[in-house]
Student: 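Have a look at this one.
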Amino acid sequence: MSCNYADGLSPYDNKGKLGLSEEFDSEEEVNRKVDILAEWIQNSNHVVVHTGAGISTSAGIPDFRGPNGVWTLEAKGLKPSINISFDDAVPTKTHMALRKMIDLGKIHFIVSQNIDGLHLKSGVPRKYLSELHGNMFIEQCNHCHRQFVRKTATTSVGQKNLQIKCPGLRLNGRPCRGDLHDVILDWEHNLPEKDLGLADFHSCLADLSICLGTTLQIIPSGTLPLNTKKFNNGRLVICNLQPTKYDKKANLVIHTYVDDIMIKLMKKFNVPIPDYNPELDPTKGSEKNEWTIPESEVKLMRKLYEEKCCKSKRKKIKLEKSKDEDTETVEHKLDIQRENGNFSQLNQRELLDFIKSESKEGLKHESIKLEQTNEQEILEKKLTSIKSEVVTEEGTNDLNVIRDYNNVVSDINNVENRANDNGEKELLNQTECSENFVPELKASDSKSQVVEQNLIVN
């Protein structure tokens with residue numbers, strides 16, 4: 001049935017990295033990591049779980065980018081040999097464990113990229129779940145925008161008209177008269193506003209984000225877990241057989257089947273995983289159940305987000321402004337020292353701070369690019385002047401010293417690049433080598449030309 005869903009999507013070439021090799025941690029290593037994860041969950045205030053297709057493979061639904069995934073095989077002109085229908089698929093151990101942990105308050109929200117409806121079937125309440133890419137068992141009115149649970153999976157993809165009238169009523173008691181559409185996104189569609197909003201709010205508020213069975217390649221779904229680290233200085237855990245591009249940013253990475261992780265985790269909590277119960281499955285009920293996200297829940301989470309995350313952001317802006325003022329002070333001090341021909345009174349941290357701020361404006365990896373504004377041109381000339389005066393005073397001709405100076409500037413640029421990737425500003429705290437050595441370079445004119453060329457290259 002995943003194949004039918006994939007076949008219904010518009011043609012799209014860039015499906016990400018496909019068929020990456022799977023990795024498996026040893027049993028001993030998995031047990032050790034699950035112990036850590038259990039402790040973090042127990043000590044966290046707000047835990048958010050991000051789920052991908054990997055948590056549904058044990059239900060007989062193929063993933064997309066695994067070695068035998070739908071798109072991996074599609075690129076070879078093949079289709080998966082195992083492909084259960086969405087109607088017949090039932091929630092896995094992972095789905096049922098997550099629902100139980102929601103009930104116990106150990107997990108506070110689930111963000112899912114899956115369209116298979118297994119979170120719905122497991123009994124997870126709507127206010128605890130964001131379905132970013134849709135749900136095969138949900139239909140939505142184009143007038144009142146309310147959502148309703150279907151008894152069977154939709155056969156259409158791409159938010160198409162199902163030729164079914166909305167069962168909802170207006171405030172005056174009259175029928176809505178809108179048309180129901182499927183909620184399955186095609187490649188070009190925007191993500192559902194309420195689902196994305198709740199996913200973003202919870203991810204920013206979380207102090208622990210756990211990714212299960214996802215390679216985190218789809219944007220923005222794949223970047224939401226990073227908000228936990230960005231806004232709340234929280235922890236990121238990735239549980240997946242294949243490597244992801246965010247493994248290096250994670251505090252913990254577990255390579256094994258997600259069902260095995262959840263079974264071990266629930267044993268740590270001494271809580272049995274409940275079996276799937278059709279009586280709690282909204283798709284099996286006799287009545288047409290509503291699946292609309294409560295507006296009150298969106299308002300509540302937005303308020304919490306604004307109170308906690310926006311204040312933190314304002315503090316960060318204030319801190320950055322303070323750092324800019326400090327840089328101006330150092331710049332003025334450098335002007336005085338240069339006029340006196342003496343740089344000895346500048347400490348290493350001040351000199352590094354200034355070079356770092358100046359290099360951000362002009363010094364790039366391959367050349368010094370002059371910008372059009374007068375302010376930027378002045379900064380470029382000032383940086384060149386400082387380097388020239390530092391290296392042309394009479395003194396050592398030791399090439400090791402010159403090479404060390406080049407390495408310092410290179411380190412600063414490398415740290416700047418890493419910091420930009422991470423959204424960090426405190427660059428000098430990330431490198432010890434730059435702080436440990438800022439020599440007072442004094443070389444002959446010929447050596448200074450070599451240094452200047454190396455600086456530009458770096």
Student: Before you tell me yes or no, could you show the steps for Arg99 and Leu280 under side-chain contact (heavy atoms from CB on, under 4.5 Å), namely the whole-Å CA-CA distance, both residues' side-chain angles and the distance that decides it to 0.1 Å?
Tutor: CA-CA 12 Å; Arg99 198 216 75 190; Leu280 300 178; 3.7 Å; yes
Student: Less than 6.0 Å separating the ring centroids of His202 and His108?
Tutor: no
Student: Has Asn114 got a side-chain atom pairing as donor or acceptor with Ala53's backbone, closer than 3.5 angstrom?
Tutor: yes
Student: Using only heavy-atom distances, determine whether the side chains of Asp200 and Ser203 contain a donor-acceptor pair under 3.5 Å.
Tutor: no
Student: Between Thr94 and Asp259, is a side chain to side chain donor-acceptor pair (under 3.5 Å) present by the stated rule, with each step listed?
Tutor: CA-CA 5 Å; Thr94 296; Asp259 279 353; 2.5 Å; yes
Student: Would you verify whether the NZ or CZ of Lys121 falls within 45 degrees of the ring axis of Tyr276 while also being under 6.0 Å from that six-membered ring's centre?
Tutor: no
Student: Rounded to the nearest 0.5 Å, how far does CD of Glu131 lie from CG of Leu198?
Tutor: 12.0 Å
Student: More than 12 heavy atoms of other residues, nucleotides or ligands under 6.0 Å from CD of Glu279: is that the case?
Tutor: no
Student: Apply the test salt bridge (charged side-chain N to carboxylate O under 4.0 Å, His left out) to residues Arg126 and Glu290: give CA-CA distance (whole Å), side-chain angles for both, the deciding distance (0.1 Å), then the verdict.
Tutor: CA-CA 10 Å; Arg126 182 59 164 127; Glu290 188 168 349; over 6 Å; no
Student: Please test Arg150 against Ile138 for side-chain contact (heavy atoms from CB on, under 4.5 Å), starting from the C-alpha separation and ending with a verdict.
Tutor: CA-CA 6 Å; Arg150 295 173 53 88; Ile138 299 299; over 6 Å; no
Student: Is the distance from the ring center of Phe86 to that of Phe137 below 6.0 Å?
Tutor: no
Student: So Val237 and Leu208, do their side chains get closer than 4.5 Å, heavy atoms only?
Tutor: yes
Student: So Ile238 and Ile254, side-chain contact (heavy atoms from CB on, under 4.5 Å) or not? Walk me through it.
Tutor: CA-CA 6 Å; Ile238 298 177; Ile254 308 178; over 6 Å; no
Student: Step by step, work out the salt bridge (charged side-chain N to carboxylate O under 4.0 Å, His left out) result for Arg235 and Asp207.
Tutor: CA-CA 6 Å; Arg235 294 187 175 104; Asp207 51 359; over 6 Å; no
Student: Evaluate the side-chain proximity of Asn251 to Lys229: yes if any heavy-atom separation is below 4.5 Å, no if none is.
Tutor: yes
Student: Side chains of Glu139 and Thr154 only: does a donor on one sit below 3.5 Å from an acceptor on the other?
Tutor: no
Student: Answer yes or no: does atom OH of Tyr246 have more than 12 heavy-atom neighbours from other residues, nucleotides or ligands under 6.0 Å?
Tutor: yes
Student: If we count only N and O atoms by modelled type, under 3.5 Å, do the side chains of Thr152 and Asp87 hold a donor and an acceptor together?
Tutor: no
Student: Quiz question: by atom type and distance under 3.5 Å, do the side chains of Ser122 and His119 form a donor-acceptor pair?
Tutor: no
Student: Yes or no on side chain to side chain donor-acceptor pair (under 3.5 Å) for Gln242 and Glu22, after CA distance, side-chain angles and deciding distance?
Tutor: CA-CA 5 Å; Gln242 294 175 295; Glu22 296 179 338; 5.8 Å; no
Student: Is there a salt bridge (charged side-chain N to carboxylate O under 4.0 Å, His left out) between Lys303 and Glu306? Walk through the geometry before answering.
Tutor: CA-CA 5 Å; Lys303 182 179 179 180; Glu306 291 173 349; over 6 Å; no
Student: Before giving the answer on side-chain contact (heavy atoms from CB on, under 4.5 Å), spell out for Glu27 and Lys264 the whole-Å C-alpha distance, their side-chain angles and the decisive distance to 0.1 Å.
Tutor: CA-CA 11 Å; Glu27 184 74 13; Lys264 292 177 182 293; 2.6 Å; yes
